[in-house]
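Residue numbers start at 1 and run along the sequence shown.
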Amino acid sequence: MSSEEFNMMKPFAGMAIKQIKDNRGVPSSLFGIPLQVGPGSEHVKALQHWLWGAIGAQAIMGVIQVVCLSDYLGAVEMFLTVAIGYWAVSEEMNITYTCLWGACCLLFMVLGALALILSLLSDVLSLDVISMILEICVPVVYLFGFLLAVHFYHLWAQANHMPDIPAALDPIGKFVDDHDPLDVKRTGSDALVFAQKAATEYTPLVRDAVSRTFSGEESRRSSKIPCCNNAA
């Protein structure tokens, strides 16, 4: 690039840098993650206790993966997620970092759930009950982190008049807004009520889905049996 071309581009580069610095809610995104310069909205910053609680639970779970489950790769994934969550808190709940944390939670939740299903299918008879419970806790803490990040995005989108998500995709939002994790007694008792209500609503749906899956599998198996086809 010649010096004349460079001098012509300097004003445009300066304008672009100024726009990035002045714009608190950058509308552009990277793989669906909004790019923001500066801290998050005041509402999101008021909920940082929840993020501290989530990454604290993930840190404890990472130690359990090392000590009790000998799952060193899973522990590395968990501590990586904790580091990104801590980064988001240190940057005053910047939406880019909180969404990146939520994306890691989603990715490792899926991987953890698949690993859990495979272990249940392969070692269902020899699997220790305590180890099974601890392995179930791994995708659960990731799921909570992902839902929390979804709520943070929901609040950011409302504050910056950006495309929002349906309310159904933010199931814990009202509970998080109305509670403080530091108020252990109230939050814990209400969390049990919330979990019981969710179990009452979703358990029949899960049961019906599982029964339909197994009934469809049985019908496919019976259709392949010659005696059944002849009897029909």
**Message:** Using a 6.0 Å cut-off, check whether atom CD1 of Ile130 has over 12 heavy atoms from anything other than its own residue.
**Reply:** no
**Asked** Do Met61 and Val140 come close enough that some side-chain heavy atom pair is under 4.5 Å?
**Response** no
**Prompt:** Quick one: do Leu143 and Leu80 end up in the same hydrophobic cluster if we chain Ile, Leu, Val, Met, Phe, Trp and Tyr together by side-chain heavy atoms under 4.5 Å apart?
**Reply:** yes
**Item:** Separation of Ile60 CD1 from Met78 CE (nearest 0.5 Å)
**Value:** 11.0 Å
**Prompt:** About how many Å separate OG1 of Thr98 and CH2 of Trp156, when rounded to the nearest 0.5 Å?
**Reply:** 9.5 Å
**Request:** Output, in order, the C-alpha distance, side-chain angles, deciding distance and verdict of side-chain contact (heavy atoms from CB on, under 4.5 Å) for Val176 and Leu148.
**Result:** CA-CA 8 Å; Val176 169; Leu148 194 60; 4.0 Å; yes
**Prompt:** Atom CG of Asp128 and atom SG of Cys68: how far apart are they, to the nearest 0.5 Å?
**Reply:** 10.5 Å
**Prompt:** In the single-linkage hydrophobic clustering (I, L, V, M, F, W, Y; side-chain heavy atoms under 4.5 Å), do Val66 and Ile64 co-cluster?
**Reply:** no
**Request:** Work out which heavy atom in Ile55 is nearest to a heavy atom in Trp101; give both atom names and the distance.
**Result:** CG2-NE1, 3.8 Å
**Asked** Any ring pair (Phe, Tyr, Trp, His ring centres under 6.0 Å) pairs touching residues 51-94, not counting sequence neighbours?
**Response** Trp52-Tyr86, Trp87-Tyr97
Using distance only, find each side-chain donor-acceptor pair of residues 102-118 under 3.5 Å and give its atom names and separation, not counting sequence neighbours.
none

Under 3.5 Å donor-acceptor pairs involving side-chain atoms of residues 162-175, not counting sequence neighbours:
{"residue": "Asp164", "atom": "OD1", "partner": "His154", "partner atom": "ND1", "Å": "2.9"}
{"residue": "Asp164", "atom": "OD2", "partner": "His154", "partner atom": "ND1", "Å": "3.1"}
{"residue": "Asp170", "atom": "OD1", "partner": "His151", "partner atom": "ND1", "Å": "3.4"}
{"residue": "Asp170", "atom": "OD1", "partner": "Gly173", "partner atom": "N", "Å": "3.3"}
{"residue": "Asp170", "atom": "OD2", "partner": "His151", "partner atom": "ND1", "Å": "2.7"}
{"residue": "Lys174", "atom": "NZ", "partner": "Asp178", "partner atom": "OD2", "Å": "3.0"}

**Request:** Working to the nearest 0.5 Å, report the span between CG of Asp71 and OG of Ser119.
**Result:** 10.0 Å
**Item:** Smallest separation among heavy atoms of Thr81 and Tyr142, with atom names
**Value:** OG1-CE2, 3.8 Å
**Prompt:** Who passes side-chain contact (heavy atoms from CB on, under 4.5 Å) against His43, sequence neighbours left out?
**Reply:** Ser41, Leu47, Leu155, Asp177
**Request:** Sorted by first residue and then second, give each salt bridge (charged side-chain N to carboxylate O under 4.0 Å, His left out) pair with at least one member in residues 42-69; sequence neighbours left out.
**Result:** Glu42-Lys45, Lys45-Glu92
**Asked** Which heavy-atom pair separates Ala59 from Val82 by the least distance, and what is that distance?
**Response** N-CG2, 3.6 Å
**Asked** Closest approach of Gln58 and Val141, non-hydrogen atoms and distance?
**Response** NE2-O, 3.8 Å
**Prompt:** Roughly how far apart are Phe146 CZ and Cys99 SG, rounded to 0.5 Å?
**Reply:** 10.0 Å
**Distance in Å, Leu69 CG paired with Glu135 CD, rounded so as to fall on 0.5 Å steps** = 5.5 Å
**Partner set under side chain to side chain donor-acceptor pair (under 3.5 Å) for Trp50, not counting sequence neighbours** = none
